[in-house]
Asks: 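The structure that follows is given in the form of structure tokens.
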Amino acid sequence: MTKKLTGTQIRQSFIDFFVERHHTFVPSTSLVPGGDATLLFTNAGMVQFKDVFLGTDKRPYTRAVDSQKVLRVAGKHNDLDEVGRDDTHHTFFEMLGNWSFGDYYKKEALAWSWELLTDVWGLPRDRLYATCFKDDQGNIPTDEEAAETWKQQPGMDPTHILFFGRKENFWEMAETGPCGPCSEIHLDRGEEYDNLAGKPHQCGVNGECQRYLELWNNVFIQYNRLDKDTLEPLPAKHVDTGMGFERIVSVIQGVDSDYKIDLFSGALDAIRSLTGDSLEKMYADFTPYRVIADHGRAAAFLIADGVVPGNVGRNYICRMIIRRAARFGTKLGLHDPFLAKVADAVISAYGDFYPELVKSREIIVDNLTREEIRFARTVESGTAYLEQLLEELRKSNQQVLDGRKVFDLYATYGLPFEICRDIAREQNLEVDETGFHLAMDEHRIASGGGKAMGKMGGEDAEFYAKELKDLQQAGALGESGVEYNPYKWLRTKGPLLALAENGRLLTDAGAGDRVEVLLPKTGFYVESGGQVSDTGVIRAADNSWEIEVDDMRKPSAGVIIHVGEVVFGHPKAGQMAVAEVDAVRRHDIRRNHTATHLLHAALHKVLGDKARQAGSLVTPDRFRFDFNHPEAMTPEQVERVEKLVNEAVAADLPVRAVSKSRDQAVAEGAMALFGEKYGDIVRTITIGGDYSYELCGGTHLDRTSDVGTFIIVSEGSAAAGIRRIEAVTGRAAYDLISRRGKSLKLTAAALKSSLEEIPQKTRLIQEELAAARKQLASLKADVALAGFMTSLQNPQMIEDVSLVVVELPGVDKEALGKLADKFREKYPQKGICVIGSITGEGQIIIMAAVTQDLIKRGIKAGDLVGFISSQLGAGGGGAPHLAFGGGREAEKIPEALAGTKEWVGKKLK
Ligand SMILES: [Zn+2]
Ligand SMILES: [Zn+2]
């Protein structure tokens with residue numbers, strides 16, 4: 001606390017400290033975990049190293065240091081409830097960590113953490129505490145090694161070395177798998193931080209008050225848990241440490257809140273510049289400020305990682321936190337979009353270390369503002385409706401609002417569940433979360449988006465991880481598991497290593513059985529990067545059985561599974577098998593995949609670099625490509641893009657795949673995609689000299705000319721701010737052209753024209769048609785007028801009143817008005833005229849006109865029309881001298897009109 005370092009300097013000093021101790025700096029991975037569909041967001045530093053601990057992945061280094069972006073807003077780790085209410089919780093935060101993969105262990109790790117905290121950062125030694133593991137159940141040995149190490153640290157008070165049990169000091173990844181004791185470092189911040197001072201409470205490390213703060217956790221992974229009672233020592237021991245970045249910065253900068261560190265001050269200043277609040281006023285009502293600063297930061301990082309606001313999954317979370325921030329803004333009197341200003345402050349505070357923020361600035365600002373505007377349109381009616389629901393709840397003496405109703409609020413007014421819960425809780429009521437998620441799932445399944453989370457991982461991951469280990473021990477599989485090379489092999493031969501079904505091994509299978517097949521190597525592509533899996537056949541080398549493969553899976557690292565159905569015979573584990581990819585289908589897929597890269601490059605040329613890929617689906621028949629763009633493309637833009645791609649196809653550009661280090665590829669400007677997991681060695685695809693350069697694991701053509709033809713089938717909206725292009729190539733493009741050609745030929749034949757003359761001929765026919773329609777309308781009007789004039793000559797007489805009732809087809813309201821004038825010319829007084837008509841559009845109109853003198857005698861046009869229209873199943877009315885009505889039952893018009901005479905007769909009496 002002696003040195004005033006900025007947050008950025010503190011992060012860098014952590015990294016430098018460990019790099020000097022031969023650690024490799026590993027950049028933070030995306031908030032969207034690559035290749036792990038079981039996880040919505042990266043929620044811990046170890047996510048990107050999980051496979052290393054499980055022993056299914058290897059890295060070129062054994063020591064690593066990182067600052068990992070983490071989001072805890074969904075699933076098991078959800079801190080949303082606490083954010084804003086206190087000074088230590090965040091949805092988004094950074095986790096500092098140093099890692100040893102079978103390299104150094106407790107002595108080094110603990111000594112270094114002590115050295116960094118005390119020597120480098122100057123924390124007072126006498127205020128630091130260390131905790132070590134001592135099993136409260138008495139089964140696992142006490143971690144004496146850690147305790148001994150602590151005793152040797154210079155200035156460490158031996159009475160500050162404490163022991164705790166499994167809850168505090170033993171870490172497990174899952175019910176089985178890697179685990180081990182941990183050792184935490186805590187700081188006594190002094191009595192002034194004791195929020196429970198004066199009350200009797202457990203005051204100390206892992207106690208009840210806020211005086212003692214956990215700073216750093218060192219996890220020592222030394223066991224493999226086989227079952228509830230059995231731990232087996234690991235041959236390679238690992239170190240996994242984690243230190244909440246915001247917390248250590250607050251300690252070093254000597255502030256009493258994570259939100260008072262320098263990295264937040266820009267965002268808070270930006271909000272204050274809008275509210276006009278002083279620092280004191282802000283601190284007095286800090287909650288809305290904390291929520292906005294936290295959510296604004298999280299949203300900026302999310303959007304930079306490709307997660308834009310939307311309705312489902314990750315996109316819903318992004319939408320929810322933006323809307324929640326906006327609502328807290330209204331509490332501060334902010335009603336116009338303001339989050340762009342917060343995001344700008346976040347970008348300047350974090351942009352140097354996280355360049356993706358700077359690169360995506362426009363996309364971030366644009367998405368935030370548009371989401372705020374969208375929300376502003378519905379928030380008032382939504383909250384008003386919610387208030388009404390809560391009022392009803394109170395009246396019926398209930399506490400919990402039905403989740404289904406909360407979902408309706410979201411579906412109709414865009415009011416996210418979390419905001420409804422905020423509002424309900426402000427009134428000491430609750431909302432039913434389970435019901436909300438049920439309703440949301442039902443809705444999602446009904447709208448066809450159920451499989452949004454993919455199919456990696458799953459329940460049999462452990463079964464296959466164990467199977468892999470067994471096969472490796474038996475020497476049937478090498479260290480990296482199944483050999484996978486979809487780029488080289490369309491046909492492989494090898495023994496059928498395992499035959500399985502629903503997470504259990506089969507000794508054999510018969511025709512019609514669905515099975516999963518494990519082979520020592522395969523060329524079948526496994527769905528990734530938007531490209532679908534290959535299909536094909538696996539058959540016995542002696543042709544005694546055959547399995548039709550229709551899907552591929554990677555249940556855990558190193559394991560690749562062929563999924564299919566036995567067509568005939570009885571496959572058994574151990575038999576020699578030949579696996580063959582459906583090469584024709586694969587070739588169609590290659591065409592489409594190479595075309596997505598050409599399309600991506602063409603979009604950049606036409607729309608600019610911001611038109612970044614946001615997702616894709618590459619199948620044999622067609623492909624779909626999503627990209628960031630705020631508005632619909634014009635037809636000219638679509639045409640230009642299509643032309644550019646076809647020019648690149650015709651240019652017969654070479655497509656080259658080269659593997660290199662990720663850092664080099666990114667430095668060379670290769671486009672990396674969000675949500676993809678990239679190792680340290682990446683595969684790059686270059687088209688032409690520099691036409692397109694992307695990181696990609698897909699299968700591609702050798703030359704672009706093999707695409708054949710590229711045709712855009714549609715351009716439309718995929719989500720807010722995201723456009724989607726669907727396109728075809730090769731055989732599918734030929735089919736499309738051929739189909740379109742046929743309908744053109746049919747059209748030409750019907751028009752009696754050549755193909756080239758179709759547009760001109762069509763225009764001509766349209767003009768002729770328009771002229772004919774006009775003529776017809778004028779003829780109809782003439783006929784109607786003539787008929788009407790005849791009727792005018794022959795009125796029915798009721799006492800001294802002339803009544804003209806006539807049905808005229810095809811006369812619209814405007815023309816009826818003119819006929820009324822003709823009537824008045826002929827009968828300036830003592831006249832009534834009623835016309836019923838069905839217009840060209842099939843609409844029934846009843847008109848009545850009455851001369852002034854008769855109004856005094858009780859005959860009103862409005863009443864008359866009402867009388868007639870009511871018999872036709874509709875209503876009508878208007879002024880006493882002129883009124884119009886409608887009707888639904890055309891067949892009753894004659895009868896209804898015939899009743900006029902009697903109606904008038906009665907009125908005159
Ligand atoms: Zn206390
Ligand atoms: Zn690709």
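Note that ligands are numbered from 1 as they come in the structure, with each ligand's atoms numbered from 1 the same way.
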Asks: Whether Asp305 and Lys69 form a salt bridge (side-chain N of Lys/Arg under 4.0 Å from carboxylate O of Asp/Glu) is what I want to check.
Replies: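 Answer for the salt bridge query: yes.
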
Asks: For N/O/S atoms only: which one belongs to His593 and is nearest the Zn ion (ligand 2)?
Replies: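 It is NE2, the N, O or S atom of His593 closest to the Zn ion (ligand 2).
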
Asks: Report the angle formed at the Zn ion (ligand 1) by atom SG of Cys203 and atom NE2 of His201, rounding to the nearest 10°.
Replies: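 Computed angle, vertex at the Zn ion (ligand 1), rounded to 10 degrees: 110°.
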
Asks: Under 2.8 Å from the Zn ion (ligand 2) - does any N, O or S atom of His700 fall there?
Replies: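 Coordinating: no.
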
Asks: Using a distance threshold of 2.8 Å, state whether an N, O or S atom of Glu208 lies below it from the Zn ion (ligand 1).
Replies: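 Glu208 does not place any N, O or S atom closer than 2.8 Å to the Zn ion (ligand 1).
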
Asks: Cationic tip of Lys605 within the cone over Tyr691's six-membered ring, i.e. under 6.0 Å and within 45° of the normal?
Replies: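 Positive - Lys605 is close enough to the ring of Tyr691 and near enough to its axis.
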
Asks: Which angle, to the nearest 10 degrees, do you find at the Zn ion (ligand 1) between SG in Cys209 and OD2 in Asp194?
Replies: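 Output for this angle: 120°, rounded to tens.
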
Asks: Taking the six-membered ring for Trp, is the centroid-to-centroid distance between His90 and Tyr259 below 6.0 Å?
Replies: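 His90 vs Tyr259: aromatic centres under 6.0 Å.
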
Asks: Report yes if the side chains of Leu40 and Leu71 come closer than 4.5 Å at any heavy-atom pair, otherwise no.
Replies: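 SC-SC contact between Leu40 and Leu71 ruled out.
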
Asks: Please answer whether the main-chain N or O of Ala611 pairs with a side-chain N or O of His629 as donor and acceptor at a distance below 3.5 Å.
Replies: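 Flag not set: sc His629 to bb Ala611 has no pair under 3.5 Å.
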
